[in-house]
Structure formats: C-alpha cells, structure tokens
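Okay, structure first, notes after.
Letters go in sequence order (proteins before strands), and every chain restarts at 1. What you see below is based on every heavy atom in this structure, not just the backbone, and it leaves out hydrogens, waters and symmetry mates. Please read all numbers here as calculations on a predicted model, not as lab measurements.
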Amino acid sequence: MSDGEGATARSADEQRRIVRERYAAIATESSDGCCDGGADGADDADQCCSSSVDEQSREMGYDDADVDAVADGANLGLGCGNPTAIAALEPGQTVLDLGSGAGFDCFLAANAVGPTGHVVGVDMTPEMVEKARENARRNDTDAVEFRLGEIEHLPVADGTVDVVISNCVVNLSPDKQQVFAEAFRALKPGGRVAISDVVQTAPSPEDVTENPAALAACVSGAATFADLEAMLDRAGFEAVSIEPKDESASFIREWDDERDLSEYLVSSVVEARKPR
Amino acid sequence: MKESLMDILCCPLDKQDLELEVVRRDDDEILDGRLVCTECGEEYPIEEGIPNLLPPDMREETPA
C-alpha cells in the first residue's frame, strides 16, 4: 500500500524503529522530571512540563475536568485533539486505544465507560506501556489494561470492540491501510472509530520528509484527506468523516522552532462506522 | 493482566485464541506467565503484568 506513506524510501522497519526510539526516550525522560532539558532537544522538554502540558491540552480540546480527572504523569501532551470527547462513550462499552502512550486517553475513557466497561490500550513501546501501568495504579482504575502490541497487528479478537480511539498515532504508522483494516476487524458491527490525528494539507519540504525526527514528531508521516478517506473506505467503513480543526494551528505552530508546521498540517477528527 | 480480558485477546499473527499459562499471580491479575496461540503455537510472554503481544520479529529487538 503506497497511499500517503510519505515520499522517502524509508523501510517500514526503519520507520517503526525511529518512532519507538523517540517515544521510549520520552517515556523515560518524563518519569524523572524533564523540565531541565531533554536528551534530544529543548522542544521535547517543553512538551512535558506539567503546567505547559495542561495548557496545551486545553488548546487540544480537553477541558479542566478532563485534566483534573487523571493523576499527573499520564498526560504527556503528545496528542493533537481529544478523541474521548468525540467518541461519545457510554457505560459498559469496550474501548480500544491505538498507541496508548502513558494512558491519559484510556483513563478518561475508563471514567466514561464505568466499571462495567473495558478499555484496552495498545502501544509498541515497552517504556510507554510500563509507564501507563504505573499510572493505572495511581489512578486506581480496574477497567484499563495495557499491552505491548503493534497497531498493524492488533492482538484483539474479531468483533469485540465498540469504539476505537487514537490520538496522533496513525500518522506514525508505515502501513495505515493495515491499521484501519485491523480496527475494522476488531470492531463490532455498528462499532466506530473516533480518532484525532494530523492530516497533511500541503507537501512538506524535502528536508523535512528526509529528517527521521520529523517522522517521529508526527510531521512527515501524515496522510492527505483524500488518502485517509480512500483507506477508510477500502477497509469497509461507512459514514466516513474527516473534519479539520483550524484552531489546531495554535499548537501545531509550537511543534517546531524553525518553521510553521501549520502550513503543512492540520489536526483533524476522523470518524467512521463499521456497517451493522 | 486481568484474566477477564482473555476474551478479547487473540494472537496478533493469525487472530486465533490464546491459552493462558500462569507462572505468578496476585489477587487481581497475572504477573508472569505466557500466552500461547492455540493455532500456530507462538508464545507471548507476560512479564511484570504486561502481556507482550508484539509480533515475534519486533519482540526480539525489545529491550528487557
């Protein structure tokens, strides 16, 4: 599948490695306070100071109650929207989070589905899953489970999930078609995806697409609206809707010191339904 | 890992059911053990409560 998979000849394995390394570093840094500057640049350090994370989260669409509902440490400010807000979750539902990171959206989802619901977070970075598990203890929640897994090869049985959520992760995948096919398989008939992700609005300059850091930072891997729609369609989804959030420019602009990435990217709400 | 979630787990490769082998558990959950695919026989470790369901080629490069 070649749609929207970026202009470089980077192999899928290489792409996964780059992404894993970056998120492993973030998980490790943020566990021991990272405001003194991260290992790979000041911009990461900015992202994980608790106060600035809370502020960014409000810009992304979380309200104060969301931020306060989860113990510190789960929200690393790495998303680009609030999938739990668009997901309209109901008590008793089973929710699957693709690329669950430190678990923030999973804990919000757990509050929404209640004790009779289940939330499963899948992430391919061991350091993130460990961190999420620690956070689960601090949040005293039984409804959330984290596991190591790859979103292109979900360890989730067919037709078991009501809602698939994901926050700024699908763009990182070297095989987005496969991600949507797997989400479709795991969903119950009538189940939905409610994803927040960046979409490419203009081709990014060559020096950006060739820079591995830009891939891992959710910049160069983003697909276009047309590609995303075609992939969801091909996976079998109906009622596909991809809604750009123009206000996301305010935080996307902060992602890079040198250039304004909002010229190439917009955060969007991606919704679709598996036919009944 | 909680046993109640076995229902929605499957082998990431062939999507078949997994069988649980418990090595260590506490009141709430399984801390160490294995998940074995009933079809292909692939084994997935559970370590410190975290099931590692990465496909085998990715698991090998996972740091301990």
Side-chain angles (χ1 to χ4, degrees), chain A residues 12-17 19-21 24-25 27-28 93-96 100 115-134 136-137 140-162 178 181-182 185-188, chain B:
Chain A
D13 285 349
E14 206 179 339
Q15 183 159 340
R16 286 193 189 95
R17 185 185 52 77
V19 170
R20 265 180 138 182
E21 279 174 8
T28 320
Q93 285 185 323
T94 298
V95 179
L96 172 65
S100 43
T116 57
H118 289 301
V119 180
V120 176
V122 173
D123 203 289
M124 68 168 175
T125 310
E127 291 82 351
M128 277 292 181
V129 174
E130 274 166 38
K131 198 173 171 59
R133 222 176 109 81
E134 282 165 32
R137 280 190 216 110
D140 191 28
T141 174
D142 279 342
V144 186
E145 282 263 312
F146 296 99
R147 64 203 41 161
L148 266 168
E150 207 190 4
I151 60 175
E152 296 89 351
H153 296 99
L154 287 173
V156 179
D158 298 5
T160 52
V161 174
D162 294 291
Q178 177 68 17
E182 279 286 86
R185 182 187 59 75
L187 281 169
K188 297 175 183 171
Chain B
M1 188 199 99
K2 294 190 187 65
E3 207 164 341
S4 62
L5 269 128
M6 281 300 292
D7 290 351
I8 69 166
L9 273 186
C10 73
C11 174
L13 299 177
D14 57 20
K15 315 302 177 189
Q16 300 300 312
D17 289 345
L18 296 167
E19 210 169 81
L20 175 65
E21 293 176 12
V22 180
V23 173
R24 186 166 65 98
R25 65 179 305 156
D26 64 13
D27 293 343
D28 293 332
E29 55 177 352
I30 294 115
L31 296 171
D32 289 295
R34 275 186 310 184
L35 294 161
V36 184
C37 180
T38 53
E39 184 69 28
C40 69
E42 188 63 47
E43 295 180 5
Y44 300 92
I46 304 171
E47 288 161 358
E48 303 293 325
I50 300 172
N52 186 341
L53 289 150
L54 287 166
D57 59 326
M58 281 189 73
R59 201 191 318 150
E60 273 147 30
E61 53 190 79
T62 302

Checklist entry - Of all of A:V122, A:V156, A:V120, A:V129, which one pairs up most often with chain B through heavy atoms under 4.5 Å apart? => result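 Looking at each of A:V122, A:V156, A:V120, A:V129 in turn, A:V156 comes out on top.
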
Checklist entry - Which residue out of A:H118, A:R147, A:R16 racks up the most heavy-atom pairs below 4.5 Å with chain B? => result A:R147

So which atom in [X] and which in [Y] form the shortest heavy-atom distance, rounded to 0.1 Å?
X: B:M1; Y: A:R133; answer: N-NH1, 4.2 Å
X: A:V144; Y: B:K2; answer: O-NZ, 4.2 Å
X: B:I50; Y: A:L148; answer: CG2-N, 4.2 Å

Checklist entry - Mind checking what makes ring pair (Phe, Tyr, Trp, His ring centres under 6.0 Å) contact with A:F146, not counting sequence neighbours? => result A:F107

Could you look at [X] and say if it's the side chain, the backbone, both or neither that has a heavy atom under 4.5 Å from chain B?
X: A:T94; result: side chain
X: A:E152; result: neither
X: A:E150; result: both
X: A:D158; result: side chain
X: A:V161; result: neither

Next on the checklist: Non-hydrogen contacts under 4.5 angstrom with chain A: give the residues of residues 5-30 of chain B involved, or none if there are none.
Outcome noted: B:L5, B:D7, B:I8, B:L9, B:C10, B:P12, B:K15, B:E29

Checklist entry - If we only count heavy atoms from C-beta on, is the B:M58 to A:R20 side-chain gap below 4.5 Å? => result yes

